[in-house]
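Supplied in structure tokens, the structure appears directly below.
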Amino acid sequence: MTLTLTDELSAIVGAAFAKAGLDPALGRVRPSDRPDLAPFQCNGPLAAAKAAKKNPRALAETVAGGLKAHPAFESVAVAGPGFINLTLRDAFLAEKLDALAGDSGCGGWRKDEAETIVIDYGGPNVAKPLHVGHLRSAIIGESLKRLFRFAGDAVYADVHLGDWGLPMGQLIAELRRERPDLPFFDPAFDGPYPEKPVVALEDLERLYPQASAACKADPARAEEARQATAELQAGRAGYRALWRQFVEVSRAAIEREYADLGVSFDWWKGESDADPFIPELAQMLRAQGLTEISDGAEIIRVAREGDAREVPPLILFKSDGSVLYGTTDLATILERKRAVDPARILYVVDQRQALHFEQVFRAADRAGLFPLDRLEHLGFGTMNGKDGRPFKTREGGVLKLRDLIDMVDARARERLAEGGLAEGYPEEEVADIARKVGVAALKFADLSSPRTTDYVFDLDRFMAFEGRTGPYLLYASVRIRSVLRKAAERGAGAPGPIRIVAPEERDLALALLAFGDATRLAFEKRMPHFLCEHAFGLAQAFSKFYAACRIADESDAATRASRLSLAAAVGRQLDRALDLLGIAVPERM
RNA sequence: GAUCCCGUAGCUCAGUUGGAUAGAGCGCUAGCCUCCGAAGCUAGAGGUCACAGGUUCAAAUCCUGUCGGGAUCGCCA
């Protein structure tokens with residue numbers, strides 16, 4: 001396991017606490033709230049004073065006294081009621097930076113024991129076009145996948161298509177009304193079913209809303225759909241064959257759109273893949289006496305003493321025998337255990353489904369299927385429109401992901417033209433750059449607020465390309481690359497050991513060395529926005545450094561070599577951070 | 001109705017679980033390209049942290065209440 005900078009400093013300060021007869025855990029060092037005084041601080045003396053009923057200021061002085069001789073610190077000062085302000089020696093920073101420059105992980109944190117992880121994206125539904133509601137799960141999930149892999153885990157990302165519920169029955173029933181002549185609907189048919197899909201993507205996109213509306217308006221139609229669902233799940237051959245076509249057609253489209261966002265999966269499984277595990281699951285639950293019949297449905301109770309509010313039981317089998325997604329989610333856990341025996345399963349799904357997962361997790365835990373603390377629902381907030389309500393188009397409909405991608409793409413092209421960037425580049429490259437810029441804007445906007453909160457989707461703001469945006473980061477990355485390329489062309493010489501001479505270099509050094517804490521925090525909290533914060537801070541520190549210091553044409557050879565190393569290290573780390581966010585960087589722009 | 005989340009600068013949002021002078025981006029004002037990419041950099045104005053109590057050396061953060069917004073609450077996913 002790599003030690004982050006604050007870990008290392010905490011260990012040093014903790015030892016000084018221990019020497020003073022205090023709890024070393026109180027020596028926790030963190031970035032300072034007052035960077036004008038010192039870059040790091042330790043507030044431990046205040047807590048220690050409370051516990052020991054002593055004067056915090058005096059304790060701070062004692063601890064600080066034990067630290068002053070340490071080679072890492074330029075100064076150790078006690079301030080206010082008992083804060084210890086820590087400033088690091090430039091030589092110490094330079095040494096750390098040289099190590100970081102040679103590290104394949106760019107100074108990022110890695111864990112020491114790898115786990116096998118499954119990430120569940122709570123999948124899109126077959127037949128429903130991807131819409132903006134699917135965006136967050138894809139973007140956040142992709143970043144977490146990369147982050148966990150970076151930390152050392154073996155990750156299986158499973159799109160987990162919604163391909164087994166009522167919508168499937170609705171589609172079947174709808175198509176049967178429209179084209180009753182198809183062999184799929186003839187129970188007596190025994191020949192081979194058509195291999196070529198009888199429906200196209202456009203058919204599905206038309207049929208589903210149609211069916212859904214009909215079921216809402218007419219109970220008889222709803223009953224038809226319910227029956228078709230039950231028959232599909234019971235294994236009616238024609239329905240299964242037809243359903244396979246739905247899935248096939250739908251999946252191809254879904255895969256393409258995710259690819260445009262730079263999102264990919266290791267598994268394209270669906271709820272239906274868990275179906276064969278349902279009998280065994282039911283058996284397991286019944287054998288333990290966990291199920292009961294209630295109003296004709298078979299349920300498992302998951303309420304507990306002390307629940308603040310009532311947690312309803314999970315319905316395993318509806319009164320008509322068909323299953324709900326809670327059942328398939330449980331069966332999927334069993335399926336995954338058999339497949340890769342994961343240490344944890346992460347569900348990157350809308351926060352509004354928290355109760356559902358609470359039910360599933362408790363049921364899994366009660367059944368001895370999977371421990372509660374290793375099933376994590378990583379919920380996220382909704383993407384709202386400017387009115388503060390879930391994002392809708394002007395017409396009040398749901399914005400398709402395809403349309404969103406096109407909008408972002410077009411806007412990125414406009415902005416490139418306005419800014420006079422990418423001028424004279426081949427058309428193919430301009431298209432590639434526009435796509436990358438647009439996706440970066442979208443992803444950074446989505447990832448930069450804490451996962452759990454709602455955020456307002458404002459295309460104009462995201463695509464402004466100034467300030468705290470994805471394009472700013474791409475710009476910084478591309479600029480570093482360009483500077484280094486030109487330096488090489490001019491014969492600026494080889495990079496050399498890093499030495500800090502300007503204050504902007506010191507700030508940049510601290511920004512680089514914060515990567516360990518950022519990656520660790522992002523991993524432990526499962527919160528990619530810490531990576532965004534880091535990437536922005538790093539890019540900003542570089543811009544300041546760039547504005548203040550010459551690099552390629554610096555006259556002092558040693559300083560020039562140092563700055564070339566520094567710039568290269570920033571470029572590599574920035575690209576790495578962007579990679580962990582799932583943001584691709586163009587060569588130039 | 002019950003439970004949970006939220007209310008911070010004109011706008012969009014952070015705030016590392018109780019610490020110093022509450023931060024960032026946008027927008028606004030004033031500057032910086034004969035010099036490695038100005039989508040950049042520098043400086044400035046802008047706050048009763050919804051409101052009222054309480055806990056303590058210390059509260060945007062913890063507790064209570066009020067107001068306002070949102071989410072969820074057994075056979076949809």
Side-chain angles (χ1 to χ4, degrees), chain A residues 6 30-34 36-37 41 43 46-47 49-50 56 79-83 85 122-123 125 128 162 164-167 170 212 215 226 271 294-299 307-320 322 324-326 349-356 359 381-382 384 386 388-390 415-416 418-421 437 445 448-450 452-456 458 461 464-469 471-472 474-476 478-487 489-490 492 517 521 525 529-530 533 536-537 539-540 543-544 546-548 550-554 567 588-589:
Chain A
T6 61
R30 54 181 227 182
S32 175
D33 291 328
R34 293 286 306 272
D36 53 316
L37 300 178
Q41 67 178 227
N43 297 342
L46 291 136
K50 193 175 219 171
F83 305 110
N85 287 331
N125 281 324
K128 289 198 216 179
W164 205 231
L166 185 61
Q170 290 178 327
S212 165
C215 289
R226 193 155 46 239
E271 296 179 327
S294 170
D295 296 333
E298 186 168 9
I299 62 167
D307 280 343
R309 66 169 172 176
E310 199 184 338
V311 179
L314 185 141
I315 295 174
L316 277 174
F317 296 102
K318 296 202 295 189
S319 37
D320 69 358
S322 60
L324 267 46
Y325 74 140
V349 181
D350 194 313
Q351 189 61 46
R352 288 175 294 191
Q353 295 199 34
L355 181 60
H356 163 72
Q359 292 174 285
T382 54
N384 293 337
K386 286 186 205 175
R389 314 178 35 144
R415 295 300 317 234
L416 280 175
E418 279 170 32
L421 273 87
V437 167
S448 57
S449 61
T452 47
T453 60
D454 296 347
Y455 75 103
V456 173
D458 178 347
R461 192 158 50 81
F465 297 179
E466 278 128 29
R468 205 177 195 280
T469 64
Y472 172 96
L474 296 191
Y475 178 76
V478 166
R479 187 163 62 167
I480 292 167
R481 201 164 305 163
S482 167
V483 167
L484 291 174
R485 192 167 45 227
K486 289 206 171 126
E489 284 166 10
R490 291 175 183 198
D517 283 305
L521 207 54
K525 307 268 185 200
H529 81 279
F530 290 114
E533 250 166 45
F536 181 68
Q540 210 169 32
S543 286
K544 291 176 186 195
Y546 179 77
R550 305 305 302 171
I551 301 172
D553 51 6
E554 161 62 38
R588 53 175 193 168
M589 59 192 270

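Naming convention: chains lettered A, B, ... in sequence-line order (proteins, then strands); numbering from 1 in each chain.
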Worksheet entry | Whole-Å C1' distance, U17(B) and A58(B) | 16 Å

Discussion item. Under 4.0 Å, counting only non-hydrogen atoms across every strand here, what does Glu533(A) touch: a base, just sugar-phosphate, or nothing?
Written reply: sugar-phosphate

Discussion item. Check the phosphate of G37(B) against Ser482(A), side-chain N and O only, distance under 4.0 Å to OP1 or OP2. Yes or no?
Written reply: yes

Practice prompt. Without swapping roles, check the side chain of Asp454(A) against the backbone of Thr382(A) for a donor-acceptor pair under 3.5 Å.
Written response: yes

Worksheet item: Checking all strands, does Leu37(A) fall into the base, sugar-phosphate, or nothing category for heavy-atom contacts under 4.0 angstrom?
Response: base

Discussion item. With the criterion set at under 5.5 Å between ring centres and under 30 degrees between planes, would A20(B) be stacked on Phe83(A)?
Written reply: yes

Discussion item. In this structure, which stretches of RNA chain B are paired as stems of three or more consecutive Watson-Crick or G-U pairs, both distances less than 3.5 Å?
Written reply: B:1-7 with B:67-73, B:10-13 with B:23-26, B:28-32 with B:40-44, B:50-54 with B:62-66

Worksheet item: How would you list, by chain and number, every residue that makes a side chain to side chain contact (heavy atoms under 4.5 Å, CB included) with Leu355(A), sequence neighbours excluded?
Response: Arg309(A), Val311(A), Pro312(A), Gln359(A)

Fill in: Test item: Ser482(A) side-chain N/O and Val478(A) main-chain N/O as donor-acceptor pair under 3.5 Å
no

Worksheet item: What is the nucleic acid contact for Leu474(A), judged by heavy atoms within less than 4.0 Å: base, sugar-phosphate only, or nothing?
Response: nothing

Worksheet item: Which part of the nucleic acid, if any, lies within reach of Arg309(A) when heavy atoms closer than 4.0 Å are counted: base, sugar-phosphate only, or nothing?
Response: base

Fill in: U16(B) and G54(B), which share atom name P, separated by this distance in whole Å
26 Å

Worksheet item: So what does Leu484(A) hit on the nucleic acid, given a heavy-atom distance under 4.0 Å: a base, only sugar-phosphate, or nothing?
Response: nothing

Worksheet item: Are any of Arg352(A)'s side-chain N or O atoms less than 4.0 Å away from OP1 or OP2 of C4(B)?
Response: no

Fill in: Gap in Å between the two P atoms, one belonging to C57(B) and one to C41(B), rounded
44 Å

Worksheet entry | N or O in side chain of Gln351(A) less than 4.0 angstrom from G70(B) OP1/OP2 | no

Worksheet item: Would you say a side-chain N or O of Tyr546(A) is under 4.0 Å from OP1 or OP2 of C35(B)?
Response: no

Worksheet entry | Touch class at under 4.0 angstrom, heavy-atom based, for Ala297(A) against every strand present | base

